[in-house]
Amino acid sequence: MQNESVIRRRDLLALIGTIAGSSAMYHAMTSLGFASESAYKGPLKLAGDVKGASVLILGAGLAGMTAALELRKAGYKVQILEFNSRSGGRNWSIRGGDSFTELGGFKQTCQFEQGLYLNPGPWRIPYHHRALLDYCRRLNVTLEPFIQLNHNAYLHATRAFGGKPQRFRSIKADFQGGVAELLAKISQQGRLDEFVTKEDQEILLQALRDWGALDRDYKYNANLGSAEFRGYARDPGGGLMGDPLPSDPIPLQELLRSRMWRYLQSFARYDFQMTMFQPIGGMDMIGKAFAREVGDLIRYNSKVTQIQQNGSGVTVSYVDTASPSAVQQATADWCICTIPLPILSQLPVDVARR
Ligand SMILES: Cc1cc2nc3c(=O)[nH]c(=O)nc-3n(C[C@H](O)[C@H](O)[C@H](O)COP(=O)(O)OP(=O)(O)OC[C@H]3O[C@@H](n4cnc5c(N)ncnc54)[C@H](O)[C@@H]3O)c2cc1C
């Protein structure tokens, strides 16, 4: 971590960003198209001559605890200062009986039944968050698939369809069917000739029929073909009444005005593509697993108020929120700060180049 390992330090930061990161970094990278597949290739191997150097880590979220785990393994003397009385940061789950006092002082108590929980922060692990998945495996966090896309789920908007919820599958099939029928129509009228060759228009028509569940005349109608996607008025079954009945598509105009098409694409976004995972029992199983490894390094209820760095190291001022008294100070050779930027930007930080 000292002079000889600029690349290694950068690698570590990249790793931290990959498995947890700050949401600012995450969202900025996503919108810039940089949040691509993780380059993680297996457990980190930090090397170098530590010479008894110390590292002060600010924040016991996943980033801070990952850094602590790896740096202690590499031989550094590590301490973490954490504002909360628990670890995990945004990686958090709330269960029945838990209470939480909001920043304004309002206290809420969760009244869920046993076995139910809510993840107020992260809840989905994409398949390409390889580092996090690997840490889960190494720290014995059991995962289960996260069902991100459920065609049987309802979409609901108070101002659409008189407030009546609609099945995701019906909205999707009817939107695709309506758009496919329109496009087929203008293709057959020759209004695409300027843009698409005759041969390609033939292929396009085949594709539209498949994609939109159109009938032989390229119409989207109530029939067993469209029902296969949008759902039946009477499901296929057995016995005398076993034959299925098709359901009526929602007219395209109504569908467009409902604005429900907005929700069709969110499941296809790169970060949300299947397969996704979640820890069994709540997202905080990950934070708890990290805390089993590095909990002894964490000083809880320690609110960092100032960070100063000079040629000889870092001095961090903090107050004990459990029993506020005089400002205390912690020093180290190095500091890794994982305090989220909106908070960090309010703190006096004096960081000189070393
Ligand atoms: C609503 C929501 C949904 C999300 N959904 C997903 C998702 O589905 N999948 C996904 O991969 N990511 C998701 N994210 C992003 C993910 O939660 C974060 O990227 C990740 O948890 C950040 O970890 P971190 O350790 O960098 O920060 P944090 O978890 O924020 O940790 C920072 C720590 O610093 C502490 N701290 C703050 N101020 C001080 C101070 N002054 N002194 C001492 N300590 C301090 C905090 O208490 C906290 O423990 C979501 C985030 C949110 C908010």
Side-chain angles (χ1 to χ4, degrees), residues 12-30 35 37-38 40 56-70 79-94 100-101 103 118-133 135-136 143 146-148 266-267 269-274 276-279 282-288 290-291 294-295 297-307 316-322 324 327-330 335-349:
L12 176 61
L13 290 174
L15 172 75
I16 292 164
T18 307
I19 82 149
S22 69
S23 62
M25 174 180 163
Y26 190 82
H27 289 303
M29 287 181 72
T30 303
E37 285 204 12
S38 153
Y40 183 78
L56 193 54
I57 296 173
L58 311 182
L62 294 199
M65 290 194 288
T66 307
L69 188 152
E70 297 297 348
Q79 191 188 1
I80 310 179
L81 296 178
E82 166 56 46
F83 168 74
N84 277 313
S85 55
R86 60 168 184 87
S87 57
R90 275 170 274 181
N91 183 275
W92 183 32
S93 304
I94 299 176
F100 177 68
T101 305
L103 285 179
L118 170 85
N119 297 321
W123 38 305
R124 295 166 287 200
I125 308 172
Y127 66 87
H128 48 74
H129 282 198
R130 300 215 165 86
L132 182 63
L133 290 169
Y135 276 103
C136 286
L143 302 178
F146 179 94
I147 308 301
Q148 170 77 357
S266 56
F267 305 101
R269 281 173 50 188
Y270 180 71
D271 289 331
F272 301 153
Q273 282 169 13
M274 295 181 284
M276 309 240 284
F277 300 93
Q278 60 184 345
M283 201 62 163
D284 65 351
M285 294 298 162
I286 302 179
K288 286 178 175 166
F290 271 97
V294 299
L297 303 177
I298 305 172
R299 192 185 193 290
Y300 293 101
N301 303 311
S302 303
K303 180 182 177 184
V304 170
T305 53
Q306 190 170 16
I307 306 170
V316 172
S317 306
Y318 65 96
V319 286
D320 186 330
T321 55
V327 174
Q328 307 189 48
Q329 289 193 325
C335 175
I336 291 185
C337 178
T338 72
I339 296 175
L341 290 177
I343 302 169
L344 185 62
S345 60
Q346 297 174 42
L347 299 183
V349 177

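For ligands, and for the atoms within them, numbers begin at 1 and follow the listed sequence.
With a 4.0 Å heavy-atom cut-off, ligand 1 is reached by the backbone of Val304 and by its side chain too. Heavy atoms of Pro340 found under 4.0 angstrom from ligand 1 belong exclusively to the side chain.
Of all the atoms in ligand 1, the ones that sit under 4.0 Å from a non-hydrogen atom of Gly89 are 29 (O), 48 (C), 49 (O). Atoms of ligand 1 lying under 4.0 Å from any heavy atom of Ile343, numbered from 1 in the order shown and given with element: 37 (C), 38 (N). Which parts of ligand 1 touch His129 is read off a 4.0 Å heavy-atom cut-off, strictly below it: atoms 11 (O). Those atoms of ligand 1 that come under 4.0 Å of a heavy atom in Thr338, given as number and element, are 32 (C). Less than 4.0 angstrom separates some heavy atom of Asn84 from each of these atoms of ligand 1: 47 (O). The distance from ligand 1 to the heavy atoms of Pro120 drops below 4.0 Å at these ligand atoms: 1 (C).
Atom 44 (N) of ligand 1 has its nearest heavy-atom neighbour, among Tyr300, Phe272, Phe83, in Phe83. Here atom 43 (C) of ligand 1 lies nearest to Ser302 when heavy atoms of Pro342, Gly59, Ser302 are compared. Here atom 2 (C) of ligand 1 lies nearest to Gly121 when heavy atoms of Ser87, Gly121, Gly61 are compared.
Checking only distances, Gly64 never comes within under 3.5 Å of ligand 1, N or O to N or O. At under 3.5 Å, a nitrogen or oxygen of Ala63, whether backbone or side chain, sits near a nitrogen or oxygen of ligand 1. Annotation: Asn91 places no N or O atom under 3.5 Å from an N or O atom of ligand 1; distance criterion only.
A distance-only check finds no donor-acceptor pair linking the side chain of Thr321 to the backbone of Ser302 [under 3.5 Å]. With hydrogens and angles ignored, the 3.5 Å screen pairs no side-chain donor or acceptor of Ser87 with any backbone N or O of Ala60. Counting only distance, with no hydrogens or angles, the side chain of Ser317 and the backbone of Thr305 share no donor-acceptor pair below 3.5 Å. Between the side chain of Thr66 and the backbone N or O of Gly64, no donor-acceptor pair lies under 3.5 Å. Counting only distance, with no hydrogens or angles, the side chain of Asn119 and the backbone of Met283 share a donor-acceptor pair below 3.5 Å.
For Tyr270 and His128, the gap between ring centers is short of 6.0 Å.
Contact of the Ile286 side chain with the Ile125 side chain is registered, since non-hydrogen atoms from C-beta on lie closer than 4.5 Å. The shortest side-chain heavy-atom distance between Arg124 and Asp271 does not fall under the 4.5 Å cut-off.
Nearest heavy-atom pair, Val327 versus Val319, reported as atom, atom and distance to 0.1 Å: CG2-CG1, 3.9 Å.
Ligand 1 lies nowhere less than 4.0 angstrom from a heavy atom belonging to Met65. Ligand 1 has at least one atom lying under 4.0 Å from a heavy atom of Leu62.
Separating the NE2 atom in His129 from the OH atom in Tyr127 is a distance of 10.0 Å, to the nearest 0.5 Å.
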